[in-house]
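As a basis for the values below, the full set of heavy atoms in this structure was taken, side chains included, without hydrogen atoms, waters or symmetry mates.
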Amino acid sequence: AEIMEQFYTRFPAHEKAFDLLKNATQIRLSLDDQPSADTDLQLLITNGMSEDRSFAHQARMEMLFQHHDFSALTVAIQEAESDNSTWILPPYYRGLVAFEEHRQEEALSALNQAARGIARGDVEEDAQAHAAFILSQNEQLNFDALSFSDPANAEAVLQNKLAMLAKLE
């Protein structure tokens with residue numbers, strides 16, 4: 001990884017420089033070398049072409065989420081959104097962070113945005129499917145939480161459950 005990073009530093013204009021830097025980043029990520037990987041990812045975000053930046057934003061958000069570095073992840077999400085406002089991954093990660101920090105409404109809003117967006121590629125499709133899964137789990141929890149303890153409120157509870165089912169259709 002170090003040799004690839006040195007190649008990029010010495011020959012940044014070479015046609016393979018960014019590919020080598022991406023390879024070095026992947027090695028750093030697989031070795032869980034977060035500081036070095038973050039440095040490489042920042043170089044890709046700052047200097048790379050659109051494809052390189054997308055790779056770097058995605059890898060950086062995933063790395064920061066896995067390490068529970070939510071303050072840095074919040075900044076990375078904002079940077080990714082400023083680079084591409086139609087991308088599904090920033091709202092997806094914003095929703096995951098909000099869930100981790102017990103901010104339910106914000107999480108649901110962000111995950112809804114991710115689930116309803118237009119996925120471009122496998123990573124976004126996976127994030128979109130996971131967002132939809134989390135949302136459906138939340139709906140299931142809300143449905144299960146509706147219960148009646150006496151016959152007097154049974155009709156109202158059943159109407160609420162029917163309304164929730166109708167909403168899902």
Side-chain angles (χ1 to χ4, degrees), residues 1-139 141:
E2 194 172 314
I3 292 170
M4 293 178 208
E5 292 161 344
Q6 286 178 6
F7 183 90
Y8 171 80
T9 302
R10 290 181 184 172
F11 310 105
H14 191 277
E15 66 183 59
K16 296 293 182 185
F18 284 106
D19 290 335
L20 290 172
L21 186 58
K22 281 168 58 174
N23 290 341
T25 303
Q26 290 172 326
I27 291 169
R28 299 288 191 192
L29 289 169
S30 66
L31 295 173
D32 201 28
D33 182 0
Q34 184 179 354
S36 297
D38 198 45
T39 300
D40 292 349
L41 291 168
Q42 289 292 357
L43 285 170
L44 288 167
I45 290 168
T46 304
N47 303 321
M49 302 298 289
S50 178
E51 180 183 311
D52 301 321
R53 290 192 317 270
S54 293
F55 162 81
H57 283 304
Q58 170 199 331
R60 187 159 188 255
M61 287 185 290
E62 179 65 24
M63 175 187 70
L64 294 170
F65 182 75
Q66 287 178 356
H67 286 93
H68 299 282
D69 189 350
F70 297 146
S71 60
L73 178 54
T74 301
V75 172
I77 289 167
Q78 291 169 348
E79 290 171 354
E81 284 179 319
S82 69
D83 202 9
N84 183 347
S85 62
T86 64
W87 206 20
I88 287 175
L89 293 179
Y92 168 70
Y93 280 106
R94 190 178 333 101
L96 294 180
V97 168
F99 257 126
E100 290 285 328
E101 295 178 342
H102 306 289
R103 298 186 326 260
Q104 182 98 355
E105 285 185 37
E106 183 182 341
L108 294 175
S109 174
L111 291 171
N112 261 316
Q113 183 182 353
R116 296 186 196 310
I118 298 171
R120 293 176 205 92
D122 292 343
V123 173
E124 288 190 3
E125 288 174 1
D126 290 346
Q128 190 172 46
H130 189 231
F133 177 75
I134 292 170
L135 292 168
S136 67
Q137 278 185 318
N138 185 67
E139 289 293 325
L141 290 172

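Nearest heavy atom pair, residue P90 against residue E81, reads CB-CG, 3.2 Å. Closest heavy-atom contact between G117 and I88: C-CD1, 3.8 Å. Of all heavy-atom pairs spanning A107 and G95, the tightest one is CB-O, 3.4 Å. Considering all non-hydrogen atoms of both residues, I118 and E124 come closest at O-OE1, 3.6 Å. Here the closest heavy-atom approach between residue I45 and residue R53 is recorded as O-CD, 3.1 Å. Taking every heavy atom of both residues into account, L41 and A59 meet most closely at CD2-CB, 3.8 Å.
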*Could you check Q58 against W87 for side-chain hydrogen bond (donor to acceptor under 3.5 Å, both in side chains), going step by step and ending with a plain yes or no?*
CA-CA 10 Å; Q58 170 199 331; W87 206 20; over 6 Å; no
*Could you check L89 against H57 for side-chain contact (heavy atoms from CB on, under 4.5 Å), going step by step and ending with a plain yes or no?*
CA-CA 9 Å; L89 293 179; H57 283 304; over 6 Å; no
*Go through Q6 and F11 one step at a time and tell me if the side-chain contact (heavy atoms from CB on, under 4.5 Å) criterion holds.*
CA-CA 8 Å; Q6 286 178 6; F11 310 105; over 6 Å; no
*Assess whether side-chain contact (heavy atoms from CB on, under 4.5 Å) is satisfied between M4 and L21, documenting all intermediate values.*
CA-CA 6 Å; M4 293 178 208; L21 186 58; over 6 Å; no
*asked:* Evaluate L64 against Q34 for side-chain contact (heavy atoms from CB on, under 4.5 Å), listing each step before the verdict.
replied: CA-CA 9 Å; L64 294 170; Q34 184 179 354; 3.4 Å; yes
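Counting non-hydrogen atoms of neighbouring residues, nucleotides and ligands closer than 6.0 angstrom, the CD atom of E2 reaches no more than 12 such neighbours. Within 6.0 Å of the CG atom in L141, the count of heavy atoms belonging to other residues, nucleotides or ligands exceeds 12. For R120, the CZ atom sits in a packed shell: over 12 heavy atoms of surrounding residues, nucleotides or ligands are nearer than 6.0 Å.
Side-chain N/O atoms of T39 and R28 include no donor and acceptor closer than 3.5 Å. Side-chain contact annotation: T86 with N84, donor-acceptor N/O pair under 3.5 Å present. When only modelled atom types and interatomic distance are considered, E62 and Y93 share a side-chain donor-acceptor pair under 3.5 Å. Using a 3.5 Å distance cut-off with no hydrogens or angles, the side chains of D32 and Q66 do not pair a donor with an acceptor. With no hydrogens or angles considered, no side-chain donor-acceptor pair links D19 and Y8 at under 3.5 Å.
Separation of atoms OG (S136) and CG (L111) is listed at 11.0 Å; rounding is to 0.5 Å. Considering CD of E100 and CG of L73, their distance stands at 10.5 Å, rounded to 0.5 Å.
Ring centers of F65 and H67: at least 6.0 Å apart, outside the cut-off.
Using a 4.5 Å heavy-atom threshold, the side chains of L96 and F99 count as separate. Counting heavy atoms from C-beta on, the side chains of D69 and S71 come closer than 4.5 Å. Two residues are said to be in side-chain contact when any heavy atoms from C-beta on lie closer than 4.5 Å; D33 and P35 meet this criterion. Taking the side chain as every heavy atom from C-beta outward, L43 and F18 never approach each other to under 4.5 Å. Looking only at side-chain heavy atoms (C-beta outward), E106 and S109 stay at 4.5 Å or farther from each other.
Proximity of a side-chain donor or acceptor of N112 to a complementary backbone N or O of L108 within less than 3.5 Å is detected. Checked by atom type and distance alone, the side chain of Q128 pairs as donor or acceptor with a backbone atom of A115 at under 3.5 Å. Judged by distance alone, with hydrogens and angles left aside, the side-chain atoms of D40 form no donor-acceptor pair with the main-chain N or O of A37 at under 3.5 Å. With T74 contributing its side chain and F70 its backbone, the two residues share a donor-acceptor pair below 3.5 Å. The backbone N or O of Q42 lies less than 3.5 Å from a partner atom in the side chain of T46, making a donor-acceptor pair.
E79 and R60 are joined by a salt bridge, as a carboxylate oxygen and a charged side-chain nitrogen come within less than 4.0 angstrom of each other. The pair E51-K22 counts as a salt bridge, with a side-chain nitrogen and a carboxylate oxygen less than 4.0 angstrom apart.
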